[in-house]
Amino acid sequence: MIPIALITSFTITLTLTPLVMKLMRKLGIVGIDVHKLSRPEIPEMCGLSMLIGLVTSSIILLSIQFNPKILTFTLTSILAAIIGIIDDIFTLKAKVKTALTILCFTPIAIMSMIYPNHIILGRPRAPLIGGFRLTIVYWMLIPFAIAVPANAVNMMDTYNGVMSGGCAMMSASLLASSIILGQWDEATMSAIVLGISSAFYYYNKYPAKAFAGDTGSLMLGAAIGSIAVLGRMEVIGITVLMPFIMNAFHSLRSIGGLLERGEISERPVKVVGEYIEANLNPKAPKTLANLMLRKGRATELELIKSYHALCAISSIMGIITALLMLVRI
Amino acid sequence: MKTLKRIWDLALMMVVVWVMMIALIVTIDKMVVPLRILAGEGTTQTIIEALIKLMISAFMAMSWLLIWVRMVQKYIEKVDRGLRSGS
C-alpha cells in the first residue's frame with residue numbers, strides 16, 4: 001500500500017499542477033512574489049492539485065481495501081482545503097479562519113464514535129514511557145490538534161518552497177516513524193502527504209512557479225495533524241512541527257494575538273535589493289525569518305536553506321522520538 | 001557554513017525544548033500521576049485529586065512554554081547586543 005500511495009499521489013500532483021497553474025492564471029487568481037526585485041505574478045491556489053492528488057490516491061487505496069483511518073484522514077484534509085479555498089477566494093478574517101479550522105476535527109470525532117476499535121483517541125504514545133491515558137483533557141485539547149498544525153503550516157508559507165519542502169521532510173519523518181512503530185495505516189497516509197508535497201515542491205521551489213495558497217497549506221497542516229492524532233503520534237507530530245510552531249507561536253506572541261495583515265504596523269522583514277533583512281523594530285512580528293535574519297541579511301535562497309535546515313533537524317528529532325517510544329524506563 | 005551559523009542558536013534552542021518536552025512527559029507520568037494526595041477512596045476525593053494533578057501538570061507545561069519564550073527573548077537580546085557592539 002505504501003508504494004501505491006506514494007507513486008499515485010506524486011504522479012497525480014506532478015501532472016495536475018501545471019494545469020491548475022494555467023487555470024489560476026486564466027481566472028486571474030495570482031499573487032505577487034514580494035521577495036523578488038521584479039515582483040513577478042505567480043498563480044495562487046495551486047494547492048488544489050495537492051488536494052486532488054490526496055483525494056484520488058485515498059479513493060484508490062479505499063477501493064482496494066476500506067480503511068476508516070484513511071477515510072477520516074481524507075475527510076479532515078478535504079474540510080481544511082475547503083476552508084482554504086474560501087479564504088483564497090474571499091479572504092477570511094484571521095480569527096474566523098482560525099475558528100473554522102477548529103471544526104476540522106469533526107470528522108475525527110464522528111469517525112471515532114462509528115469505528116471505536118480503529119480510531120482510538122486519548123491514548124498518545126510517548127517516548128520512554130510507552131504512552132499515557134488522557135480522557136476529558138484530551139477531548140478539550142483535540143480540536144487544536146488539527147487547528148494548530150493547519151495554521152502553523154499556513155503561517156510558514158511565506159518564502160518559495162519553505163512550506164512544501166518542510167512538509168515533505170515532516171511527512172518523510174512521519175513515514176519513517178510509522179514504520180519504526182509498525183503503524184502501517186499511518187505510514188500509508190504519510191506516504192500520500194510525502195507524495196503530494198514533494199511533487200508540489202518541484203513547482204513551488206525557488207524561484208516559485210506556483211503558490212499553494214491557503215488551500216494547500218491548510219490542507220497539508222491538517223493532514224499532518226490528523227496522521228499524528230490517528231496514529232497516536234501526537235508527540236512526534238509536535239516534534240516535527242517544531243520550526244512551524246516556533247514561527248507561529250513567537251510571531252503571534254510578539255504582535256499580541258491573531259491580527260489582520262493591515263492591523264500589523266510592521267513587517268517582520270525588509271527587502272533591500274536582492275537581500276532580505278530583519279526588521280529590528282520592536283513592533284515587528286518575531287517570525288522565524290526575523291529571528292534568523294537578526295544575525296545578518298541573506299538572499300531569499302539562503303534564507304530558504306536555513307528554513308530547510310531547521311525542518312531537517314526537527315524531522316530527525318521526530319525519528320529519534322519514535323525510536324525512544326520503543327524504549328521503556 | 002553561513003546557513004549553519006544562522007540557524008545554530010535556534011536549532012540548539014529547538015533541541016533543548018524537545019529534550020525538556022520529553023523530560024516533562026516522563027516527569028508527569030512517573031511523579032505526578034502516581035501521587036496520592038488525599039486519603040480515602042470516594043468519588044469526590046478522586047475528582048479533587050485528579051484536578052490537583054491536572055493543575056500541577058498544567059503548571060509544568062506552562063513553565064516549559066515560558067522557558068521557551070525566555071530563551072527566544074535571550075536570543076534576541078544576545079544577537080541585538082552583538083549587532084550594537086559590531087556597529
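Residue numbers start from 1 in every chain, and the chains themselves are labelled A, B, ... in the order their sequence lines are given, proteins ahead of strands.
A:A248 meets the side-chain contact (heavy atoms from CB on, under 4.5 Å) test with A:A152, A:M155; sequence neighbours excluded. Listed by chain and residue number, A:L128 satisfy the side-chain contact (heavy atoms from CB on, under 4.5 Å) test with A:V327 (two or more places apart in sequence, or in another chain).
Side-chain contact check for B:L54 versus A:I136: every heavy-atom pair is 4.5 Å or farther apart. Between B:L65 and A:F249 there is a side-chain heavy-atom pair separated by less than 4.5 Å.
When heavy atoms are compared at a cutoff of 4.5 Å, A:A298 approaches chain B by way of both its backbone and its side chain. Contact of B:V15 with chain A is made through backbone and side chain together, with heavy-atom distances under 4.5 Å. Using a 4.5 Å cut-off between heavy atoms, A:I329 contacts chain B through both its backbone and its side chain.
Residues A:A309 and B:I7 come closest through the heavy atom pair CB-CD1, 3.5 Å. In plain terms, the two heavy atoms of A:P127 and B:V26 that are nearest each other are O-CG2, 4.0 Å.
Distance check, rounded to the nearest 0.5 Å: CG of B:L10 to CE of A:M242 gives 13.0 Å.
Residue-level contacts of residues 141-150 of chain A with chain B do not occur; threshold 4.5 Å between heavy atoms.
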Can you pull out all donor-acceptor pairs below 3.5 Å that join chain B and chain A?
from: B:K2; atom 1: NZ; to: A:E302; atom 2: OE2; distance (Å): 3.3
from: B:K5; atom 1: O; to: A:K295; atom 2: NZ; distance (Å): 3.2
from: B:R6; atom 1: NH1; to: A:S306; atom 2: OG; distance (Å): 3.0
from: B:D9; atom 1: OD2; to: A:K295; atom 2: NZ; distance (Å): 2.8
from: B:W18; atom 1: NE1; to: A:T321; atom 2: OG1; distance (Å): 2.9
from: B:K30; atom 1: NZ; to: A:I329; atom 2: O; distance (Å): 3.2
from: B:W68; atom 1: NE1; to: A:H250; atom 2: NE2; distance (Å): 3.4
from: B:Y75; atom 1: OH; to: A:L291; atom 2: O; distance (Å): 2.6
from: B:D80; atom 1: OD1; to: A:R294; atom 2: NH1; distance (Å): 3.0
from: B:D80; atom 1: OD2; to: A:R294; atom 2: NH1; distance (Å): 2.9

